[in-house]
Amino acid sequence: MIMSRIEAPRDDVTGNLLDRLRAGLPAEAVLTDPDVTASYANDMASFCAAGAPAVVVLPRTVEQVQHIMRTATELRVPVVPQGARTGLSGAANASDGCIALSLTRMDRILEINPVDRIAVVEPGVVNATLSRAVRDHGLCYPPDPSSWESCTIGGNIGTASGGLCCVKYGVTAEYVLGLDVVLADGRLLSTGRRTAKGVAGYDLTRLFVGSEGSLGIVVRAILALRPKPPRQLVLAAEFASAADACDAVCRIMKGRHVPSLLELMDNTTVKAVNDLAHMGLPESTRALLLAAFDTPDPAADLAEVGALCEAAGATRVVPAEDTAESELLLQARRLSLPALETVKGTTMIDDVCVPRSRLGELLEGIERIAGKHRLTIGVCAHAGDGNTHPTVCFDAQDPEESRRARESFDEIMALGLELGGTITGEHGVGVLKKEWLAREIGPVGVEMQRAVKAAFDPLGILNPGKLF
């Protein structure tokens, strides 16, 4: 028998599911071609198992999402919520026979209110699209993950994303004021508020931020905005060692400076960016520190920080002369992860966060781990937060090298916990770090989190197999 390439083979269960979904969705919102559904199977994480979705659905309205969840509950079918699938933990990976619920077509900015300083958006709005839209009103939406040109607000909320500016402006959780969430049984829950202040009841909004789609489907978000800051200027400081660069970070933060950005790139990362984009970054440096200020007089702030870098042993300090030069340096930092992917073809991107005062110890430990396992591990970091992204570069076609890559990844996470840190600062747990979440929060913590999950999703159909 020749199978249709338009629709997967049907059995009684799948056929019933598809018929029920189509009863409340337009035909173009239900995808069954196996070649198409396979493309929705996973996000960008390595070493994370992914199954084959039974169907991909792309709703445009809240009512359509409710229909999907009612159908899933009645038929006991798992649902995996997805955004742009730029995540790095496997949180959006499909499970066999699931409904892959892509929210990318719910992409409207519903409101921008300059007086209340809020935006109301659907989950499929791309981060950069929102950022540009609010600029026209003299406002900004600060959270800016490196994938901001493609990642969605819903995905940012699901994984509690961070970004380059977190050292001054904080992470996604601090900007989510309220949510509309479709629960597992199809009911619509509204949390939070539009007001600047509000403490009525449990903070369910924060509970959903970072829940990776395991408690409900976010279909609308009320986001806090800030006045648009002045254009920032960036300084680049070269160091002969990562330890000196980390010393500079400590001096800057101890000096009560509030940079809008404080980022670190090691020698491996600098070289990879140069190889990819020919940006002329200084490959002789062992660590490159980027500091930025968006204050009324950023040049004066950069001069003070430059002096602190020199006191920490910087071999060269170069402040950008204008915003164009600053943007070039920021683009180099944003290219770090794509550039490291070209070193060996495959990467495992860690997301370990430690207290700033122990950042140097973490980087020294990563260097030892790389040597022990004979691997290339590049490090870029939101240094002002102590949030590092050690990136293990390896050949996925080499089983032995793949094994060493996984072992090194785990050793870096273990080191982060030993230094008083956490296994993830912004990428989430997903599939990749399930075992490590249990180690970090302990058995009582796991028990309480499972109890919360059971309260919202008693059948366990929402993103099963993630977190714990």
Side-chain angles (χ1 to χ4, degrees), residues 37-54 56 77-103 145 147 151-152 154-162 184 208-218 337 341 346-353 389-392 394 396 399 402-403 405-414 416-417 422-441 445-446 449-450 452-454 456-457 460-468:
T37 59
S39 70
Y40 286 83
N42 53 273
D43 62 18
M44 297 179 67
S46 301
F47 288 105
C48 291
V56 174
V77 177
V79 177
V80 177
Q82 297 179 336
R85 291 177 290 110
T86 58
L88 295 164
S89 69
N93 282 15
S95 53
D96 283 331
C98 77
I99 299 170
L101 172 53
S102 174
L103 296 155
S147 58
C151 65
T152 62
N156 294 168
I157 292 170
T159 57
S161 297
F208 283 102
V209 178
S211 66
E212 302 184 13
S214 64
L215 302 179
I217 313 296
V218 172
L337 297 183
E341 289 174 357
T346 308
T347 58
M348 286 194 72
I349 303 170
D350 220 324
D351 176 36
V352 171
C353 190
H389 297 309
T391 303
V392 184
F394 65 101
S402 297
R403 179 190 62 78
R406 181 71 213 212
E407 288 180 1
S408 69
F409 183 90
D410 287 343
E411 288 181 21
I412 291 169
M413 283 194 288
L417 292 180
T422 176
I423 59 168
T424 176
E426 57 187 7
H427 290 171
V429 175
V431 176
L432 190 61
K433 298 188 175 185
K434 286 170 57 176
E435 174 191 347
W436 287 96
L437 175 64
R439 295 193 196 188
E440 179 172 332
I441 67 177
V446 171
Q449 296 215 11
R450 284 178 172 162
V452 171
K453 164 75 169 170
F456 282 89
D457 180 23
I461 64 171
L462 279 170
N463 216 5
K466 314 297 167 53
L467 291 169
F468 40 73

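All residue numbers in this chain count up from 1 along the given sequence. As a basis for the values below, the full set of heavy atoms in this structure was taken, side chains included, without hydrogen atoms, waters or symmetry mates.
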Between Leu432 and Met348, does the side chain to side chain contact (heavy atoms under 4.5 Å, CB included) criterion hold? Intermediate values first, please.
CA-CA 10 Å; Leu432 190 61; Met348 286 194 72; 3.9 Å; yes
Would you say the side chain of [Y] lies within less than 4.5 Å of the side chain of [X], judging by non-hydrogen atoms?
X	Y	value
Lys434	Phe468	no
Leu103	Gln82	no
Thr391	Leu337	yes
Phe456	Phe208	yes
Trp436	Asp410	yes
Met44	Glu341	yes
Cys98	Val79	no
Asp351	Lys433	yes

Straight-line distance of [X] [atom1] to [Y] [atom2], nearest 0.5 Å:
X	Y	atom1	atom2	result
Ser214	Ile461	OG	CD1	12.5 Å
Asp43	Ser46	CG	OG	9.5 Å
Glu407	Ser402	CD	OG	11.5 Å
Cys48	Asn93	SG	CG	6.0 Å
Leu437	Gln449	CG	CD	6.0 Å

Ignoring hydrogens, what is the shortest heavy-atom contact between [X] and [Y]? Give both atom names and the distance.
X	Y	result
Glu212	Ala91	OE1-CB, 3.5 Å
Thr346	Ala396	OG1-CB, 3.3 Å
Ser161	Pro145	CB-CG, 3.8 Å
Ala45	Ser89	CB-N, 3.6 Å
Gly213	Pro81	O-CG, 3.7 Å
Ala52	Asp96	N-OD1, 2.8 Å

Give a yes or no answer on whether the side chain of [X] reaches the backbone of [Y] with a donor-acceptor pair at less than 3.5 Å.
X	Y	answer
Asn156	Thr152	yes
Arg85	Ser39	yes
Asn42	Ala94	no

Verify whether the ring centers belonging to Phe409 and Phe394 lie closer than 6.0 Å.
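When the ring centroids of Phe409 and Phe394 are compared, they turn out to be at least 6.0 Å apart.
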Quick one: do the Thr422 and Glu440 side chains pair a donor with an acceptor below 3.5 Å?
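Checked: Thr422/Glu440 side chains pair up, N/O donor to acceptor below 3.5 Å.
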Audit row: Thr159, His427, side chain to side chain contact (heavy atoms under 4.5 Å, CB included) steps and yes/no
CA-CA 6 Å; Thr159 57; His427 290 171; over 6 Å; no
Candidate pair Asp350 and Val392, rule side chain to side chain contact (heavy atoms under 4.5 Å, CB included), full reasoning:
CA-CA 8 Å; Asp350 220 324; Val392 184; over 6 Å; no
Report the C-alpha separation of Leu215 and Leu462 in whole Å, then their side-chain angles, then the decisive distance to 0.1 Å, and conclude whether the side chain to side chain contact (heavy atoms under 4.5 Å, CB included) test is met.
CA-CA 7 Å; Leu215 302 179; Leu462 279 170; 5.7 Å; no
Under the criterion side chain to side chain contact (heavy atoms under 4.5 Å, CB included), which of Ile217, Asn463, Val56 is the partner of Leu101?
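Single side chain to side chain contact (heavy atoms under 4.5 Å, CB included) partner of Leu101 among Ile217, Asn463, Val56: Ile217.
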